[in-house]
Amino acid sequence: MKLLILLLSIPAFGQVTISNVVSNAVTDRSARVNVDLSGAATVFVQCGPTTSYGQRCGASSGSTNSVILITGLAPSSTVNYRVCQTGHTPPTGCTANQTLNTSAAAKFTPTAPVVVDTTFPSSFANTFPVNANCTDLSEQIALAADEDGDDNQLVSIPAGAECGGITTLGAKTGENPNGTGVIVIASDGVISPVGTRISEDSDLLIRVKSI
């Protein structure tokens, strides 16, 4: 009589089955790896330029489905990777080798500069003086906004006044709210030269146009 012996590959105790390994959302330096797990487990990705891998690129804890973000990749390269379960030694705890190709290095394209008109009017239809303690700044701005939007308005803050707190610069509410007139807020009526950058030492200077 012959004895037939079957040798089966049985997962180690506590080991889950990792299947359906798919990479997506690949960029120049990162990617996502989706896997299906037969049970709750912590899995991680080994990755590198060869099947020697060399680094741990990401990890995730989950059950049934798990998404692992892998980072630290090199642009324009082929990446070898495999998914392993924490606590088990390869090869029984890892999937077969997979590959993905990263994109070329992303190029930064600066936004074209926006030209801002810093030219101030030579005259104003009305001037709205602010108290020395600056408590009525919002009120004076609102009064200026309620004037004809085609006219230029000046809100004048006394020299040396400190205007703390939050001041809302609302939309124009008077006639012609979309007019070409502007509202200028200046310290003691003094307007800084065109193009002057506002700093802690400069006069408060705000130009408000309708939105």
- [ ] Rounded to the nearest 0.5 Å, what's the gap from CD on Q153 to CD1 on I185? Could you check?
- [x] 12.0 Å
Open item on the list: Determine whether a donor-acceptor pair (N or O, by modelled atom type, separation under 3.5 Å) exists between the side chain of N133 and the backbone of T135.
Closed with: yes
Task: Set of side-chain hydrogen bond (donor to acceptor under 3.5 Å, both in side chains) partners for T51, sequence neighbours left out - done: none
Open item on the list: On a heavy-atom basis, which atom in P158 and which in A132 lie closest, and how many Å separate them?
Closed with: CG-CA, 3.9 Å
Task: N/O donor-acceptor pair under 3.5 Å between N176 side chain and N178 backbone - done: no
TODO: Starting from the C-alpha separation in whole Å, work towards a yes-or-no answer on side-chain contact (heavy atoms from CB on, under 4.5 Å) for I141 and V130.
DONE: CA-CA 9 Å; I141 292 175; V130 177; over 6 Å; no
TODO: Considering non-hydrogen atoms only, spot the tightest contact between L69 and S30 and give its length.
DONE: CD1-CB, 4.5 Å
Task: Reported CG-to-OG distance for the pair N34 and S23, which is rounded to 0.5 angstrom - done: 9.0 Å
- [ ] For K172 and G149, work out which heavy atoms get closest and say how close.
- [x] NZ-O, 3.2 Å
Task: Rounded distance (nearest 0.5 Å) linking atom CZ of F128 with atom CD1 of I183 - done: 8.5 Å
Task: Step-by-step side-chain contact (heavy atoms from CB on, under 4.5 Å) determination, I70 to R32 - done: CA-CA 6 Å; I70 58 177; R32 283 193 315 218; over 6 Å; no
Open item on the list: If you define the side chain from C-beta out and look only at heavy atoms, does anything of V21 sit under 4.5 Å from Y81?
Closed with: yes
- [ ] Enter the distance from I68:CD1 to C47:SG here, rounded to the nearest 0.5 Å.
- [x] 11.0 Å
Task: Criterion side chain to side chain donor-acceptor pair (under 3.5 Å) against S77, the qualifying member of N101, D28, T102 - done: T102
TODO: Verify side-chain contact (heavy atoms from CB on, under 4.5 Å) between V33 and V35, making sure each step is shown before the conclusion.
DONE: CA-CA 7 Å; V33 174; V35 297; 4.0 Å; yes
Open item on the list: Please give me the minimum heavy-atom distance between D136 and P129, naming the atom from each residue.
Closed with: OD2-O, 4.0 Å
Task: From OG1 (T95) to CG (N20), nearest 0.5 Å - done: 11.5 Å
Task: Donor-acceptor pair between R82 and N97 side chains, under 3.5 angstrom - done: no
TODO: Show your working on side-chain hydrogen bond (donor to acceptor under 3.5 Å, both in side chains) between D151 and N126 and close with a plain yes or no.
DONE: CA-CA 8 Å; D151 295 333; N126 299 286; 5.6 Å; no
TODO: Could you verify whether a donor N or O on one side chain and an acceptor N or O on the other, from T173 and D146, lie under 3.5 Å apart?
DONE: yes
Task: Approximate separation, where rounding is to 0.5 Å, of E147 CD and F124 CZ - done: 14.0 Å
Task: Heavy-atom pair with the smallest gap, counting every atom of Y53 and N80 - done: CD2-O, 3.7 Å
Open item on the list: If we count only N and O atoms by modelled type, under 3.5 Å, do the side chains of N65 and D36 hold a donor and an acceptor together?
Closed with: yes
Task: Neighbour count above 12 (heavy atom, 6.0 Å) for Q55 CD - done: yes
TODO: Return yes if a side-chain donor-acceptor contact under 3.5 Å exists between S66 and S60, otherwise no.
DONE: yes
Open item on the list: Testing the 3.5 Å rule here: is there a donor-acceptor pair between the side chains of T99 and T78?
Closed with: no
Open item on the list: Any heavy-atom pair between the side chains of Q46 and C57 that's under 4.5 Å?
Closed with: no
Task: Considering all heavy atoms, the nearest I18-V83 contact - done: CD1-O, 3.9 Å
